[in-house]
2 protein chains.
Amino acid sequence: MADKHELRDKGLRLTPQRELVLSAVRELGHATPEEVAEQVRATHPGINLSTVYRNLETLENVGLVQHTHLGHGGATYHAAEELTHLHLVCSDCGSVGDAPIGAAANFVQNLADDYGFKTDVTHFAVYGLCAACVK
Amino acid sequence: MADKHELRDKGLRLTPQRELVLSAVRELGHATPEEVAEQVRATHPGINLSTVYRNLETLENVGLVQHTHLGHGGATYHAAEELTHLHLVCSDCGSVGDAPIGAAANFVQNLADDYGFKTDVTHFAVYGLCAACVK
DNA sequence: GCCGAAGTTGCGAAGGACTTGCAAGTAGCA
DNA sequence: TGCTACTTGCAAGTCCTTCGCAACTTCGGC
């Protein structure tokens, strides 16, 4: 896998644990560190939670994963290549929906034009009520 | 103060501590529970941190304050009547800027039209780089 | 293919932020 | 003024995340 380069280029190593964490994030779509740990442990029970935390941080520095705040507190991790959508978090039922980045294009443009603010659309969650809960 | 009604109507009481917490939130604009406690203690040192947490929650239920996630984890509280702006959080310098809700109007409309999602604009922070850090 | 330096892991402990249980105190209706 | 139910303060507890450190593994070089 090409991920190897991203790591090596920064003097980092590709360990089995690191591969497992990365593939867990890719499989899960979005996941908290706890969920990643659980997923990894399904096949490799010995892996320590702090290793998961450290690897998520490392992989984020390298650019292979990214985190988003979905609100409740902790961060949620995504594989970097999947970060092409916004998160619509329902304040009622807690579900997390997706919307393409394009939906925010004019909003981002507004902020750039009026405030010089360069919005990172992938990093924030959008709160509100999902279609199901609006009813 | 009319706040009394909001509380009484739900069978709650207006205690000195509760008033202090509310006015601290109003003075501070946006503040974490810790900051609220500090502000309250400046005049009334005896107030317990858990009282602040409990009162913020109570005041939120009543609708006098509201919380927003600015990202790092903990919630930030605002007086409900001041929640007329978005938060632009700079991922570089950490500053929190404001923008009127109107800036997101078309974005909100998009989400409503395309996904039936009813966005609560006041609840989410917008991440990115502020004008100063873009340079 | 073997070596050694430096990055990594596992584990336990520490830290911070918030929550909970409970007895004592107090607001506010009667 | 009395009572009852809501509140407070305090201490202990929980949850999530980070740290320190010794043992271990990766990987470039010999």
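Letters go in sequence order (proteins before strands), and every chain restarts at 1.
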| message | Does the protein touch nucleotides 22-30 of chain C at the base, only the backbone, or not at all? Give it as B, S and - per nucleotide, heavy atoms under 4.0 Å. | response | ----BBS--
| task | Indicate, with a heavy-atom threshold strictly under 4.0 Å, whether A/S50 touches base, sugar-phosphate, or nothing. | result | base
| task | Give the rounded distance in Å between these two atoms: CG of B/L49 and P of D/dG13. | result | 18 Å
| task | Would you please say whether a donor-acceptor pair under 3.5 Å links the side chains of B/H87 and B/H78? | result | yes
For residues 37-46 of chain B, please give each side-chain donor-acceptor pair under 3.5 Å, one per line with the distance, not counting sequence neighbours.
residue, atom, partner, partner atom, Å
B/Q39, NE2, B/E27, OE1, 2.4
B/R41, NE, B/I47, O, 3.1
B/R41, NH2, B/I47, O, 3.3
B/T43, OG1, B/V40, O, 3.2

| request: Could you tell me the separation between the NE2 atom of B/H67 and the P atom of C/dC18, rounded to a whole number of Å? | output: 11 Å
| message | Counting only side-chain nitrogens and oxygens, does B/N48 get under 4.0 Å of the OP1 or OP2 atom of D/dT8? | response | no
| Under 4.0 angstrom between A/Q17 side-chain N/O and D/dT25 OP1 or OP2 | no
| In whole angstroms, how far is the C1' atom of D/dT8 from the CZ atom of B/R18? | 10 Å
| Is the shortest heavy-atom distance from the side chain of B/E34 to the side chain of B/L49 under 4.5 Å? | yes
| said: Using side-chain heavy atoms (C-beta onward) and a distance below 4.5 Å, is B/D98 in contact with B/L88? | reply: no
| request: Examine the side chains of A/Q109 and A/D113 and answer whether a donor and an acceptor come within less than 3.5 Å of each other. | output: yes
| query | CD of B/E60 versus C1' of C/dT19: gap in Å, rounded? | reply | 16 Å
| said: It should be established whether A/N55 places a side-chain nitrogen or oxygen under 4.0 Å from OP1 or OP2 of nucleotide C/dT9. | reply: yes
| message | Expressed as a whole number of angstroms, how long is the span from B/K10:NZ to D/dT7:P? | response | 12 Å
| A/E60 side chain reached by A/H67 side chain, heavy atoms, under 4.5 Å | yes
| message | Just the rounded figure in Å: distance from C1' of C/dA17 to CD of B/E38. | response | 15 Å
| task | Taking ring pair (Phe, Tyr, Trp, His ring centres under 6.0 Å) as the test, write out the residues that go with A/F117, two or more places apart. | result | none
| query | Is any side-chain N or O of A/Y53 closer than 4.0 Å to OP1 or OP2 of D/dT18? | reply | no
